Amino acid sequence: MTWTTRPRSEIAGLSAITMGSGPNVVLLHGVGLCADAWGAQLEALAPHGCVTAPDMPGHGACALPGRDMVLDDYIQAADGLLATLDGPALVVGHSMGAMMALGLAACAPDRVRGVVALNGVFERSDKATDAVQSRAAQLDGKTVADPGTTLARWFGTSASQERTACQHWLMSVNPAAYKMAYTAFAHSQMPDRATLVDMACPALFMTGQLEPNSTPGMSRAMADLTPMGRAEIVEGAAHMMPMTHSSQVNAALLDMLREVA
């Protein structure tokens with residue numbers, strides 16, 4: 001598909017794409033991206049629900065916050081958006097957005113009827129923790145980080161519309177916002193085991209078979225700890241699974257929406 005910039009509205013201080021009507025679905029993107037990264041999901045889900053995809057603070061059309069933010073602050077910003085909806089939502093998050101979605105299920109259970117964590121991390125190894133925190137420390141918050149290494153990790157070396165779109169978003173994001181969000185992502189321990197064990201809603205943990213950081217083992221471990229959790233691994237997929245393997249992701253999301261709605 002073609003990855004285009006869609007019109008936004010302001011909701012609870014966030015710029016957001018809204019489409020469709022019916023049960024609420026909220027889509028939370030990852031570091032350096034924007035709401036438009038959910039293009040394939042917006043088109044698939046809008047005929048079945050009211051879909052809201054906000055830009056993370058400082059990303060997309062959303063202004064840079066006037067203070068430093070940690071993961072809890074991003075979660076609270078998303079909770080403010082949930083509070084404006086006319087009922088609980090299926091909350092779907094990708095990468096850092098998965099951390100946020102799981103945090104919302106813990107801190108605002110009355111607003112979350114189900115959660116989907118796509119390419120979510122859990123209990124990183126010491127080596128992985130050192131690597132991601134080292135990458136965060138190298139960001140100066142002033143210059144645009146070269147996206148080459150990130151794109152290679154996400155897509156390999158093959159050219160594609162998805163790779164080109166991600167390159168554009170990574171080159172366009174405010175460097176200070178990128179550093180802030182990536183640092184929050186690198187230093188957060190969300191979800192912890194207590195969050196998963198106490199989760200009261202259905203939860204799907206989905207990742208790609210080729211994902212080196214948010215690994216299949218992580219998704220299975222989270223599902224095993226969550227009372228109504230299950231894991232799904234997408235063959236041949238890596239980190240940008242919602243874009244590169246949208247048909248499999250969309251089918252799983254529609255199943256989840258039918259289950260919780």
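Worth saying up front: this structure is predicted, and the values here are computed from it rather than measured.
- Distance check, rounded to the nearest 0.5 Å: CD1 of I17 to CG of L27 gives 9.0 Å.
- Looking only at side-chain heavy atoms (C-beta outward), W154 and T149 stay at 4.5 Å or farther from each other.
- The shortest distance between side-chain heavy atoms of V91 and V116 does not fall below 4.5 Å.
- Among pairs with a residue in residues 185-213, those fulfilling salt bridge (charged side-chain N to carboxylate O under 4.0 Å, His left out) read E123-R193, at least two apart in sequence or across chains.
- In terms of heavy atoms, L210 sits closest to G236 at CD1-O, 3.6 Å.
- There is no side-chain donor-acceptor pair under 3.5 Å between S95 and N119.
- Side-chain atoms of D55 never come within 3.5 Å of backbone atoms of C34 as a donor-acceptor pair (strictly under, hydrogens ignored).
- When all heavy atoms of A98 and G120 are compared, the pair lying nearest together is CB-CA, 3.9 Å.
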Test side-chain contact (heavy atoms from CB on, under 4.5 Å) on T18 and C50 and set out the steps. CA-CA 7 Å; T18 56; C50 178; 5.7 Å; no

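- With D36 contributing its side chain and R6 its backbone, the two residues share a donor-acceptor pair below 3.5 Å.
- Both M218 and V31 belong to a common hydrophobic cluster when Ile, Leu, Val, Met, Phe, Trp and Tyr are linked at side-chain heavy-atom distances under 4.5 angstrom.
- For the pair V26/V92, no side-chain contact is recorded, criterion being any heavy-atom separation below 4.5 Å from C-beta on.
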Go through it in stages, so that I can follow the logic: the residues are D140 and T143, the test is side-chain hydrogen bond (donor to acceptor under 3.5 Å, both in side chains), and I'd like the CA-CA distance, side-chain angles, deciding distance and then a yes or no. CA-CA 7 Å; D140 64 12; T143 56; 3.0 Å; yes

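- Here the closest heavy-atom approach between residue A181 and residue H59 is recorded as CB-CE1, 3.8 Å.
- Taking CZ from F122 and CG from L196, the interatomic distance works out to 5.5 Å, rounded to the nearest 0.5 Å.
- In this structure, A37 and W169 approach most closely via the heavy-atom pair CA-CH2, 3.5 Å.
- In this structure, Y182 and L139 approach most closely via the heavy-atom pair CB-CD1, 4.0 Å.
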Ignoring hydrogens and angles, write down the donor-acceptor pairs under 3.5 Å from the side chains of residues 241-261, residues two or more places apart or on other chains.
from: T244; atom 1: OG1; to: M240; atom 2: O; distance (Å): 3.3
from: N250; atom 1: OD1; to: Q41; atom 2: NE2; distance (Å): 2.9
from: N250; atom 1: ND2; to: A40; atom 2: O; distance (Å): 3.4
from: N250; atom 1: ND2; to: S246; atom 2: O; distance (Å): 3.1
from: D255; atom 1: OD1; to: R258; atom 2: NH2; distance (Å): 2.6
from: E259; atom 1: OE1; to: R230; atom 2: NH1; distance (Å): 3.1
from: E259; atom 1: OE1; to: R230; atom 2: NH2; distance (Å): 3.2

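- Taking the side chain as every heavy atom from C-beta outward, P57 and L64 never approach each other to under 4.5 Å.
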I would like to know whether L45 and M19 meet side-chain contact (heavy atoms from CB on, under 4.5 Å); could you show each step before the answer? CA-CA 9 Å; L45 296 173; M19 293 177 62; over 6 Å; no

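- Inter-residue side-chain proximity for R220 and I233 is flagged as met; some heavy-atom pair is nearer than 4.5 Å.
- Cation-pi geometry between R135 and Y178 is not satisfied (NZ or CZ under 6.0 Å from the ring centre, within 45° of the ring normal).
- We find the CG-OG distance between L118 and S219 to be 9.0 Å, quoted to the nearest 0.5 Å.
- Applying the side-chain contact (heavy atoms from CB on, under 4.5 Å) test between R8 and each of C62, S15, P54 identifies S15 as the sole match.
- Counting only distance, with no hydrogens or angles, the side chain of T226 and the backbone of A223 share no donor-acceptor pair below 3.5 Å.
- Heavy-atom contacts from other residues, nucleotides or ligands closer than 6.0 Å to CG of D68 number 12 or fewer.
- Put simply, the side chain of N24 reaches to within 4.5 Å of the side chain of D86, judged on heavy atoms.
- Closest of all the heavy-atom pairs between Y74 and M180 is OH-CG, 3.5 Å.
- Remark: side-chain polar atoms of S188 are not paired, donor with acceptor, to backbone N or O of A184 under 3.5 angstrom.
- The structure places NE2 of H168 at 11.5 Å from CG of L33, a figure rounded to the nearest 0.5 Å.
- Rounding to the nearest 0.5 Å places CG of D72 at 11.5 Å from CE of M99.
- Using a 4.5 Å cut-off on side-chain heavy atoms (C-beta onward), H239 and N213 make no contact.
- Heavy-atom contacts from other residues, nucleotides or ligands closer than 6.0 Å to CD of Q189 number 12 or fewer.
- Clustering ILVMFWY residues whenever any of their side-chain heavy atoms sit less than 4.5 angstrom apart, transitively, puts M228 in a cluster other than the one holding L90.
- In the hydrophobic cluster analysis, where Ile, Leu, Val, Met, Phe, Trp and Tyr join through side-chain heavy atoms closer than 4.5 angstrom, L14 is grouped together with M100.
- When hydrophobic clusters are built by joining Ile, Leu, Val, Met, Phe, Trp and Tyr residues whose side-chain heavy atoms come closer than 4.5 Å, directly or via intermediates, L42 is not grouped with L81.
- Residue L151 holds its CG atom at 5.0 Å from CZ of R163, rounded to the nearest 0.5 Å.
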Chi angles and distances behind the side-chain contact (heavy atoms from CB on, under 4.5 Å) call for D79, L104: CA-CA 7 Å; D79 187 37; L104 286 166; 3.6 Å; yes

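- Counting only heavy atoms from C-beta outward, the side chains of W38 and H94 approach each other to under 4.5 Å.
- The cluster map of Ile, Leu, Val, Met, Phe, Trp and Tyr, joined by side-chain heavy atoms under 4.5 Å apart, puts V51 and M206 in the same cluster.
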Could you give me the CA-CA distance, side-chain angles and deciding distance for I75 and C107, then say whether side-chain contact (heavy atoms from CB on, under 4.5 Å) is met? CA-CA 9 Å; I75 292 171; C107 74; 3.9 Å; yes

